[in-house]
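This chain uses plain numbering: 1 for the first residue, then up along the sequence. Numbering of ligands and ligand atoms starts at 1, following listing order.
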Amino acid sequence: MPHPLVVMKFGGSSVANADRIRRVARRIARARADGADLCIVVSAMGDTTDELLALAAAITEEPDPRELDVLLATGEHQSATLVSMALHALGVAAISLTGAQAGITTDGTYGRARIAGIDPARIRAEMAAGRVVIVAGFQGTSAAAMELAETTTLGRGGSDTTAVALAAALRADRCQIYTDVKGIYTADPRVVPDARQLPVIGYEEMLELAHQGAQVMQVRAVELGWVNNVVIEVLSSFEDAPGTLIREDPLVEQRNKVRGIAHDRNVAKVTLVAVPDRPGVARAVFAPLAEQGISVDMIVQNVGHGGATDMSFTVPRGELAKAKRVLEPIVRELGFREMTTDASIAKVSIIGAGLHNAPGYAARMFGALADAGVNIEMISTSEVRITCTIAEDQLEAAATALHAAFALAVPDQIDTGVTTPDPLAVPDQLDTGVADPLAVPDQLDTDVATPEPAG
Ligand code: ASP
Ligand code: MG
């Protein structure tokens, strides 16, 4: 039987210093000793990426995007080489590769490049030669041909995308995302103390959680996993405990309930007061924002009165100043009464596949918020989510009330049924010397397609 092929990704906090790098190396060495072929993906150490960005900003207000990407890619070069050295010190054959060496090509968009293709030939050759391959995450090259090649980065948190894309390209048996939390929770445990870890979550629900602020995994990585049907396991790099599986969830229909509460503090609200109520005005507001790359989220416009209406929307908090700069001339030109902004709001969402065809969730959500004395400012919905914006200082009260109202602390009976027969759900027992879950052949990944850039 061929060796199982496992992609293991370690985030920045897992490789933050030499001790942690040695610890990661020991974990890799154990998995290797058990016979797996390993492709490791690493993020930059700790806050390295932020520090490099700050350095560039100290040099110039507008760093050249090409140079910035080359600079940022070095963060992952550091951690990849150091993990490789730590493995050598343990007597494990290993080699680090840049994203380009690993065969990852992207489009040419600096700062948020999309993966265009992966040629895993070099990775396979290194594995065949008995080496553990350590790939620098978060980066690729704009062209396979050397004379055209430029280093690109995949956007913040992009190492997750590297890992999932490699897992798909290598048809890996497993894609493990090691991080500083134990898995995916029903809510952020720092905000809701009785939040519970989920043994399994469907792609769609995970995607919504990630979109709505759960920072465990990059949104694009979840999309890529969904498209390619890569079963992703999120687990702690600090303790040996079962993680959470992100995969197609066949029981989603039967669960038909709220699976989690997400929150996001990284929002600000813009309100345009007395906007003329006529065709073309919304375009005049949102087209320039889009041109400046400012992502607008919840948009609320009320029924017009006397030829005018108010319009509110949210933007990421860090982009509020830019949004104001873009909109000020438009407000003047089109004769709005005024523009007000509020940066002390937050979003709180309930998420669950099946919300849309089960009435009553919205009423229950609004009721729970009312009972907790939380005022709702804006509401938006999708098929799997209801989101409210509220005052940021009421976030904990709101999330806690919703967690209780939807009984999320109580384990779902169906959970037990779905995870037990699944070999991937077996906790990693490499440490205890008990049966190796990797030895169980995996049916799920056989139809993995070549990776596509995430939708
Ligand atoms: N180092 C990059 C970042 O901090 C990529 C990653 O961590 O996944 O965004
Ligand atoms: Mg990071």
> Do any N/O atoms on Ser159 end up under 3.5 angstrom from N/O atoms on ligand 1?
Replying inline: yes
>> Please check whether Thr49 reaches ligand 1 - meaning an N/O of the residue sits under 3.5 Å from an N/O of the ligand, judged on distance alone.
In response: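 Between Thr49 and ligand 1 (N or O atoms, distance only) the closest approach is under 3.5 Å.
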> Step by step, would you call Arg156 with Asp50 a salt bridge (charged side-chain N to carboxylate O under 4.0 Å, His left out)?
Replying inline: CA-CA 10 Å; Arg156 298 308 305 268; Asp50 289 323; 3.0 Å; yes
>> Do Ile134 and Val41 have side chains that approach each other closer than 4.5 Å (heavy atoms only, starting at C-beta)?
In response: no
Please verify whether a non-hydrogen atom of [X] lies at under 4.0 Å from ligand 1.
X: Gly157; result: yes
X: Glu76; result: yes
X: Gly75; result: no

>> Which of the numbered atoms in ligand 1 are under 4.0 angstrom from any heavy atom belonging to Arg156?
In response: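 Near Arg156, meaning under 4.0 Å from one of its heavy atoms, ligand 1 has 3 (C), 4 (O), 9 (O).
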>> If you take the nearest heavy atom of each of Ser43, Ala221, Gly137, which one is closest to atom 7 (O) of ligand 1?
In response: Ser43
>> To check you understand the geometry: which heavy-atom pair defines the closest contact between Cys388 and Ile379, and what is its length?
In response: SG-CG1, 4.3 Å
> Shortest non-hydrogen contact from Ala73 to Thr153?
Replying inline: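 For Ala73 versus Thr153, the nearest heavy atoms are N-CG2, 4.2 Å.
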> Would the Tyr178 and Phe238 ring centres measure less than 6.0 Å apart?
Replying inline: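 Not under 6.0 Å, so no.
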>> I'd like to know whether Lys347 forms a salt bridge (charged side-chain N to carboxylate O under 4.0 Å, His left out) with Glu392, so could you lay out the CA-CA distance, the side-chain angles of the two residues, the decisive distance to 0.1 Å, and finally the verdict.
In response: CA-CA 8 Å; Lys347 287 193 296 187; Glu392 186 181 7; over 6 Å; no
